[in-house]
Amino acid sequence: MVKQEGITVKKDENFSEWYTQTIIKSEMADYTAVSGSIVYRPKSYAIWETIQREVDKKLKKLGVQNAYFPLFIPEKYLMKEANHIEGFSPEVAWVTHAGNSKLDERLAIRPTSETIMYPSYAKWIRSWKDLPLKLNQWNNVVRWEFKHAVPFLRGREFLWNEGHTVFAKREEAEKEMKDIIKLWDSFCKDYLALPSLVGQKSEKEKFAGAEYTWSTEFMMPNGKAIQGPDTHFDGQNFAKAFDISFLDENEKKQLPYQNTWAISTRMMGVMFAIHGDDKGLVLPPKIAPNKVVLIPILFTKTKDKVMKVAKDIEKNLKKYDGILDDREDYSAGWKFNEWELKGIPIRVELGPKDVENKQAVIVRRDSGEKIVVKLKDITSSIDKILEDIQTSLFEKAKKALYNSIEEVETISELKKTISKKKIGKANWCGKIACEENIKAKTSTKSLNSEFNSKGKGKCFACEAKSEYVTYFGKSY
Ligand code: 87F
């Protein structure tokens with residue numbers, strides 16, 4: 001019998017070690033010979049497929065179509081909107097050779113696809129009748145990160161979607177910004193059980209190619225914030241750089257307005273980190289590939305009787321992609337630990353006494369609570385408990401997020417808040433120079449600013465008038 005050890009550190013004593021052990025031992029991901037590039041093993045890839053499927057359905061309701069553009073970007077295309085590439089260029093990986101012969105023009109491996117997509121957009125968009133154009137692609141991107149890689153959270157290659165939409169009118173593009181940020185926020189809530197701070201990025205932290213950027217920001221258990229899915233209003237910046245124009249109803253040449261938006265495999269890491277506990281992963285039922293595991297308690301004398309009932313129950317567990325773990329060379333206790341480590345939301349235990357009493361014991365992964373149910377009620381109980389686990393996980397994460405926010409009125413208060421591994425909320429001017437000063441003094445960045453709040457009085461960090469209510473924190 002192969003003995004696999006459980007997690008050997010506590011989540012709140014050594015978060016980063018806990019995180020890596022949990023991801024690796026639960027078989028979600030593994031390292032490879034390529035530094036900063038992980039394998040998404042079947043268990044995490046199945047989650048990614050659900051994310052893709054559910055997000056894709058919602059995008060299609062917004063009229064978005066999928067397409068696929070090349071992985072390679074000619075250098076002169078990449079450099080067309082110099083503004084947006086500035087600052088990113090050290091992260092671009094290049095193909096320079098084919099075999100031993102040097103290419104005439106080197107090709108970038110896409111870090112994002114604006115510059116390979118928009119020459120096609122310029123060709124396809126002629127008239128107002130060609131708009132809106134709403135394309136999305138599910139693909140991989142490469143960014144040669146130099147910061148320490150963390151599985152799912154930061155690496156050199158990751159999977160994402162990138163939406164690139166074009167509208168005749170500014171208002172239409174801005175309306176879509178709202179639809180997309182709502183989609184991101186509700187998807188993270190409903191499926192991943194993750195609450196976020198939703199708001200606008202600062203001038204310093206927005207995408208350089210955008211007029212403005214909206215983001216979702218999540219709070220990790222180690223007190224660092226991490227950015228989730230986002231959406232950028234690029235105005236006419238790329239239309240100008242890539243010559244995208246159309247004739248309006250009056251045959252007048254106009255420049256269109258563009259948005260881009262993305263969700264990536266990073267969100268799986270955020271979800272593992274936030275919901276997991278000392279025993280390992282805790283997966284929200286709506287995203288868990290297998291929602292239930294049934295473990296018959298087998299003794300020589302009663303084995304046949306118990307297995308017969310277990311097989312009957314198994315038929316009812318199909319809709320949960322339930323697993324019947326009837327391996328005989330592992331003890332029940334060992335199996336409990338394994339499935340707990342892997343985060344299966346519900347364990348059903350069935351022993352000889354249970355069979356006699358026509359019942360089973362349901363054990364919740366999130367709380368450890370044991371619930372005895374009659375066999376005839378098993379699926380209705382499971383349905384209810386799964387729903388309850390989903391909401392409890394969200395509520396718990398929401399409490400953690402809001403408990404970690406403190407209002408701050410000075411830079412020294414922000415420092416104090418940060419030293420407690422929390423996020424500061426402040427009235428802020430929004431200026432780039434002020435943010436640089438805050439960063440130098442506290443090593444924090446602005447996360448985002450609330451949509452519906454206006455800063456009161458003076459900026460917490462300088463003498464200027466405050467404009468925004470902004471969150472500041474250490475971040476990934
Ligand atoms: C790294 C290298 C080169 C981010 C990069 O977020 C370029 C870039 O443009 C780069 N890292 N970005 C910003 C991407 C902006 C935008 N693109 C479409 C999105 C959503 C999807």
Side-chain angles (χ1 to χ4, degrees), residues 36 52 55-56 59 64 66-95 106-121 133-147 149 153-166 173 176-177 179-181 183-184 187 200-217 226-235 237-239 241-242 244 257-267 445 448 475-476:
Q52 284 184 299
V55 168
D56 209 65
L59 291 175
V64 176
N66 287 330
Y68 185 80
F69 286 76
L71 169 67
F72 303 119
I73 308 179
E75 183 163 17
K76 61 174 178 302
Y77 283 26
L78 193 75
M79 297 311 171
K80 258 194 181 165
E81 216 275 4
N83 193 26
H84 108 274
I85 210 72
E86 198 193 286
F88 291 129
S89 50
E91 290 181 10
V92 178
W94 295 96
V95 178
R106 54 181 190 158
L107 298 167
I109 301 177
R110 68 172 163 241
T112 177
S113 297
E114 282 81 350
T115 55
I116 189 70
M117 293 175 76
Y118 299 166
S120 302
Y121 280 22
L133 177 62
K134 304 185 196 181
L135 300 188
N136 176 61
Q137 46 178 343
W138 292 97
N139 62 22
N140 58 337
V141 283
V142 170
R143 295 177 183 176
W144 216 261
E145 293 271 359
F146 293 95
K147 285 195 204 155
L153 303 181
R154 195 188 311 119
R156 288 184 171 166
E157 179 184 356
F158 58 86
L159 312 179
W160 74 345
N161 83 300
E162 43 178 324
H164 293 261
T165 52
V166 192
E176 191 203 54
M177 286 287 285
D179 291 338
I180 295 291
I181 202 71
L183 192 165
W184 291 152
F187 176 78
Q200 179 155 328
K201 284 285 196 187
S202 67
E203 269 312 291
K204 182 168 186 294
E205 291 299 323
K206 72 170 191 186
F207 169 42
E211 273 187 31
Y212 58 86
T213 292
W214 291 349
S215 70
T216 54
E217 305 283 336
I226 189 162
Q227 195 195 306
D230 57 7
T231 180
H232 312 279
F233 175 69
D234 292 345
N237 293 341
F238 285 92
F242 285 87
I244 309 174
Y257 296 84
Q258 289 176 262
N259 295 331
T260 71
W261 27 265
I263 185 170
S264 77
T265 40
R266 167 184 272 193
M267 283 319 291
K445 285 198 241 173
N448 60 25
S475 56
Y476 271 86

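Both counts, for ligands and for their atoms, begin at 1 and track the order of listing.
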Distance (rounded to the nearest 0.5 Å) between Glu145 CD and Glu91 CD: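 Between atom CD of Glu145 and atom CD of Glu91 there are 4.5 Å.
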Test item: Ile263 and Asn161 side chains (from C-beta on) under 4.5 Å apart, heavy atoms: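 Of all side-chain heavy-atom pairs linking Asn161 with Ile263, at least one is under 4.5 Å.
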Flag side-chain contact, heavy atom, 4.5 Å: Glu217 against Ile226: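 No. Closest side-chain heavy atoms not under 4.5 Å.
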Thr260 and His164 side chains, donor-acceptor separation under 3.5 Å: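 Note: His164 and Thr260 side chains miss the donor-acceptor criterion.
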Lys201 and Gln227 side chains, donor-acceptor separation under 3.5 Å: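 On atom types as modelled, these side chains qualify, holding a pair under 3.5 Å.
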Expected output: side-chain Arg156 to main-chain Gly36 donor-acceptor under 3.5 Å: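 No, because the side chain of Arg156 does not come within donor-acceptor range (under 3.5 Å) of the backbone of Gly36.
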Every residue of the protein that comes under 4.0 Å of ligand 1, judged on heavy atoms: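 Only His84, Ile85, Phe88, Glu91, Val92, Pro111, Thr112, Glu114, Arg143, Trp160, Glu162, His164, Phe207, Asp230, His232, Thr260, Trp261, Ala262 have heavy atoms that fall under 4.0 Å of ligand 1, ordered by chain and number.
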